[in-house]
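I have placed the structure first, in the form of structure tokens, so that the comments after it can refer back to it.
A quick note: this is a predicted structure, and the numbers were derived from the prediction, not measured. So that the names make sense, note that chain A is the first sequence line, chain B the second, and so on, each numbered from 1.
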Amino acid sequence: MKVATYNVNGVNGRLPVLLRWLDEAEPDIVCLQELKSPDERFPIEAIREAGYDAIWHGQKSWNGVAILSRVGEIHETRRGLPGDPDDSHSRYIEAAVRGIIVGGLYLPNGNPRPGPKFDYKLRWFDRLIAHAGELIGTGLPIILAGDFNVMPTERDVYKPERWLDDALFAPEVRAAYFRLLDQGWTDALRALHPDETIYTFWDYFRNAYARNAGLRIDHLLLSPALAGRLRSAGVDAHVRGWEKTSDHAPVWIELSDRPSRRRKAKEPA
DNA sequence: ATGCCTAATGCAATTAGA
């Protein structure tokens, strides 16, 4: 099974690119971020025609997350993170699909730092860590996928020294990311490619894609019950070179089939 | 420190992105 995450940066403006990529990559489950669309303008008909069912949590102009599936019913388990009833941003949606819990997230950018937006990012991260702790405690197979707006290490940014004061690379944000991982999550891309330069975002500015001046900020995290099923992982970086494309590229993993339940040995009579 | 580019809103210029 192939599971992907893609920050589309406007699901309506990006619809031709999204459909082209779905057709080419054939992912089974997809988490989308930055829909930038109110719920009633989500392009569900075009997505159904492409063979996918979907659930989504939109919002006018900003944010917005969705989960697509072509392999089975999407049983929504949550929209919005617990811990702050006043949080109006659409940044989290969660569902059970084919026996896997999929949490699709769009973590706040947090710039400028310091400031209220950075404080919001840290608070949102704390709420994510709390919820992720509850999830991983169930022992279920779980994927947390999305735009985390964090480069975890120096390897994940083309010029680390220029990003030290940025909300995407600040020490307290990276520390939060590793507090999350320390619960037992596997960073799928890094686990399979420990030494590679891997980017998932290239700024529209300064010809960043052509210079490969990128960042790795879109991640797929696997709970222990799933980590053993990880077979391959990658970034569809070429999509970033398409016309009218997002500033992010799709990121994906392949999971082996659910391990068949071990047959109980016959008890001696 | 700011612009560089892009989307959404809504029709100019602002906000936000990262």
Between [atom2] of [N] and [atom1] of [X], the distance in whole Å:
X: A:N111; N: B:dT2; atom1: CG; atom2: P; result: 13 Å
X: A:H219; N: B:dA18; atom1: NE2; atom2: C1'; result: 13 Å
X: A:W163; N: B:dG17; atom1: CH2; atom2: P; result: 13 Å
X: A:R211; N: B:dC5; atom1: CZ; atom2: P; result: 13 Å
X: A:F201; N: B:dC5; atom1: CZ; atom2: P; result: 15 Å
X: A:L215; N: B:dG17; atom1: CG; atom2: P; result: 15 Å
X: A:Y158; N: B:dA18; atom1: OH; atom2: P; result: 14 Å
X: A:D166; N: B:dT2; atom1: CG; atom2: P; result: 15 Å

Taking only N and O in the side chain of A:K117, is any of them less than 4.0 Å away from OP1 or OP2 of B:dA18?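 No, because none of the side-chain N or O atoms of A:K117 sits under 4.0 Å from OP1 or OP2 of B:dA18.
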
Is the shortest side-chain N/O distance from A:H248 to OP1 or OP2 of B:dA18 below 4.0 Å?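 Answer yes for this pair, as a side-chain N or O of A:H248 is under 4.0 Å from OP1 or OP2.
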
Is [X] touching bases, backbone alone, or none of the nucleic acid, heavy atoms closer than 4.0 Å?
X: A:N149; answer: sugar-phosphate
X: A:K121; answer: nothing
X: A:N63; answer: nothing
X: A:Y106; answer: sugar-phosphate
X: A:N7; answer: sugar-phosphate

Can you tell me, in whole Å, how much space there is between the [atom1] of [N] and that of [M]?
N: B:dA12; M: B:dA7; atom1: C1'; value: 16 Å
N: B:dC11; M: B:dA1; atom1: C1'; value: 31 Å
N: B:dT6; M: B:dG10; atom1: P; value: 22 Å

Please confirm whether A:W163 and A:F169 have ring centers closer than 6.0 angstrom.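 Centroid separation for A:W163 and A:F169: 6.0 Å or greater.
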
Assess A:R216 against A:Y199: is NZ or CZ under 6.0 Å from the centre of the six-membered ring, and within 45 degrees of the ring's axis?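 Geometry flag: not set, cation outside 6.0 Å or 45°.
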
Do you know the tightest heavy-atom contact between A:A176 and A:I129?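 Result for this residue pair: O-CD1, 3.4 Å.
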
Compare every heavy atom of A:L105 with every heavy atom of A:Q33, then report the nearest pair and how far apart it is.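 Heavy atoms only, the tightest pair is CG-O, 3.4 Å.
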
Is a donor on one side and an acceptor on the other found under 3.5 Å between the side chain of A:S246 and the backbone of A:N7?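 Pair found, side chain donor or acceptor close to backbone of A:N7.
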
Contact nearer the 5' end of DNA chain B, comparing A:D147 with A:R206: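 Taking each residue's closest nucleotide, the earlier one in sequence belongs to A:R206.
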
Which residues satisfy the salt bridge (charged side-chain N to carboxylate O under 4.0 Å, His left out) test with A:E76, sequence neighbours excluded?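 Partners of A:E76 by the salt bridge (charged side-chain N to carboxylate O under 4.0 Å, His left out) criterion, ordered by chain and then number, come out as A:R79.
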
Quick one: are A:W56 and A:L35 in side-chain contact, heavy atoms under 4.5 Å?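 SC-SC contact between A:W56 and A:L35 confirmed.
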
Would you say that A:F148 contacts A:I217 through its side chain, given a criterion of any heavy-atom pair below 4.5 Å between the two side chains?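 Sidechains of A:I217 and A:F148: no contact.
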
When every nucleotide of nucleotides 6-14 of chain B is labelled 5' to 3' by its protein contacts under 4.0 Å (heavy atoms), B for base, S for sugar-phosphate only, - for none, what sequence of letters results? SSSS-----

